[in-house]
Amino acid sequence: MIDWTVEVDFPGLALRAEGIVGAGEVLGIHGPSGSGKSTLLRILAGLEPGARGEIRVHGTPWMGRDGQTVPAYRRRCALVAQRPIFFDHLDVRDNLAFGRRRRGLPDDARLFDLLLDVLHLDDLLRTDVTRLSGGEMQRLAIARALYSAPDILLLDEPLTGLDDDRKQRIVDCLLRLRGELRTPTLFVSHHVQEHAWMSDRMVFVDRGRFSESFDVGAALRERGLNVLDGLLVDDDSVRLDVDERILRVRERPPGLVPGDRVRILLPAEQILLADHSVTGLADQALELTSSPTRLGDHLEASVGRLTLVLPAGSRGRTAHFNLHPHNLRRL
Amino acid sequence: MDFPGLTPLLVTAQLSAVTTLVLILIGTPLAWWLSFSRNRFRPAVEAVVAMPLVLPPTVLGFYLLLAMAPDTVLGRGWFALTGTTLAFSFSGLVVASAIYSLPFYVQPLTAAFSRLGRETLETAANLGASPTATFLRVVLPQCRQGFVVASILAFAHTVGEFGVVLMVGGNIPGVTRVASIAVYDHVEALQLTEAHVLSAILLVFSFIVLLIVYVYLGRRRAMLA
């Protein structure tokens, strides 16, 4: 667990942030470029000498009000930068193991193999680090970070510059590793979609001001996206966490098996509101239990304990929609 | 010694070796500071380091001679420390050569450190490498080329100096009489054979050193391409 109350002043940026991330949790940090997202990660990593405040990790202070700070190299926190840097006098294997060796930890064959397997690095072990592609560099950087057995994982736009297919693959890797390693993670991105894939809670940043954190479902409803977490119980149904309701899926998404935790991403525009249930119109017909109210550019209404964001300008009592494989993500 | 005429070469070799060693010890931290400091006086320090490139060696030698006089802070301090004077001694020559060759060592190394970049150091620190480990395991191997080139240039440039050593060293045979001055003396005394031998050795030496540098640089470039 990590918690922080920090501030730093640069010309044009006065950063004030506080927050907390627990084991196995991903805190998404969302905001425009230059708003201070990366700077917060650098402060936590001990790379901003001008920062003040408090940082505690598992109760141990990394930075205190008295000005005491733990130097960067003694903080077990791994930062995956947007453009990771490797040491080109070392091969891929030695780059991957660099952090773990510097921290004096013995090799861990099981973790090493897990990282190679999940991040598809087997073929790269004999490659020259100067010849890696963007996606390969990101995967190697993530492996290097996690192999150093960090207390905290800091991801700074790790998906930037990758095509959608590669993004998906890396997100899958990260989610699998999160399940295995449960490292508290801060995930910086300015793409809502990426937060919808990755984050449990979200913080919004604007010119150095960090908001309080929101549940990712509540945060993304404001942006017109329903985020529903649940369990894939069999080939074509998901049991939602919030009310144990079963939702039908058109077909099982490739790569998922019953028993997987899944996240449903359903844009408001994919929901049709009608006055009453129309048989055959859609797989799902959920009767609203509250009147729709305005939420930003959209409408919001309850279905029992479930809250849905609905397209603006529509009227009716029943929400109709279908779930396709592309609406589902492994969690 | 069997060939007394070659003694100046020996002095030159000793002087260059000791000067290069001194520069590695002093110039390396200086180059580091110039690469990574955000101090506002950095440009001034850079200018001072580059001064020997522009100043006539005699001017530099003149000021160094004044600074080494027994009644100055430097001269007195040196005398208190060693019981000898700095001017007209081998140690004085080393001090003068180190200052004169400083840019030839510091500038290539500063460039190498800057190419490495602050991000590389941050990456190493983030992965748990202490400053010492970072220097030994990342900076040294990554900047090996910079260190080699800087050291060779410093050595070779010290071999080639004339004006400063003439002013500061005083041309004492076997102590401060280096090869370049010996050549001058031989020519003045019309001992052209001796001048020929020393000159030819220096010529071949300089060519070989530069050849080594360029072959080394060329191979590194080919490896990177």
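Every chain is numbered from 1 and lettered A, B, ... according to where its sequence line falls, protein lines coming before strand lines.
- Counting heavy-atom neighbours within 6.0 Å of A:F112 CZ, excluding the residue itself, gives a total above 12.
- Closest heavy-atom contact between A:I85 and B:E119: CD1-CB, 3.1 Å.
- Using non-hydrogen atoms only and a strict 4.5 Å limit, the part of residues 123-132 of chain B facing chain A consists of B:T123, B:A124, B:A125, B:N126, B:L127, B:G128, B:A129, B:S130, B:P131.
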A:R42/B:E122 under side-chain contact (heavy atoms from CB on, under 4.5 Å): CA gap, chis, key distance, verdict = CA-CA 10 Å; A:R42 289 175 53 80; B:E122 290 181 350; 2.7 Å; yes
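- Heavy-atom contacts from other residues, nucleotides or ligands closer than 6.0 Å to CZ of A:F10 number more than 12.
- Within a 6.0 Å radius of CZ in A:R83, no more than 12 heavy atoms belonging to other residues, nucleotides or ligands are found.
- Distance CZ/B:R137 to CZ/A:F98: 7.5 Å, rounded to 0.5 Å.
- Scanning residues 76-83 of chain B against chain A with a 4.5 Å heavy-atom cutoff picks out nothing at all.
- Shown here is A:R56, whose CZ atom has no more than 12 heavy atoms of other residues, nucleotides or ligands within 6.0 Å.
- Shown here are the salt bridge (charged side-chain N to carboxylate O under 4.0 Å, His left out) partners of A:R102, two or more places apart in sequence or in another chain: there are none.
- Formation of a donor-acceptor pair under 3.5 Å by the A:H89 side chain with backbone atoms of B:R144 is not found in this model.
- Listed by sequence position, the residues of residues 90-111 of chain B in contact with chain A number zero, using a 4.5 angstrom heavy-atom cutoff.
- When the shell of 6.0 Å around CD of A:E18 is examined, it contains 12 or fewer heavy atoms from other residues, nucleotides or ligands.
- Other residues, nucleotides and ligands contribute only 12 or fewer heavy atoms inside 6.0 Å of the CZ atom of B:R40.
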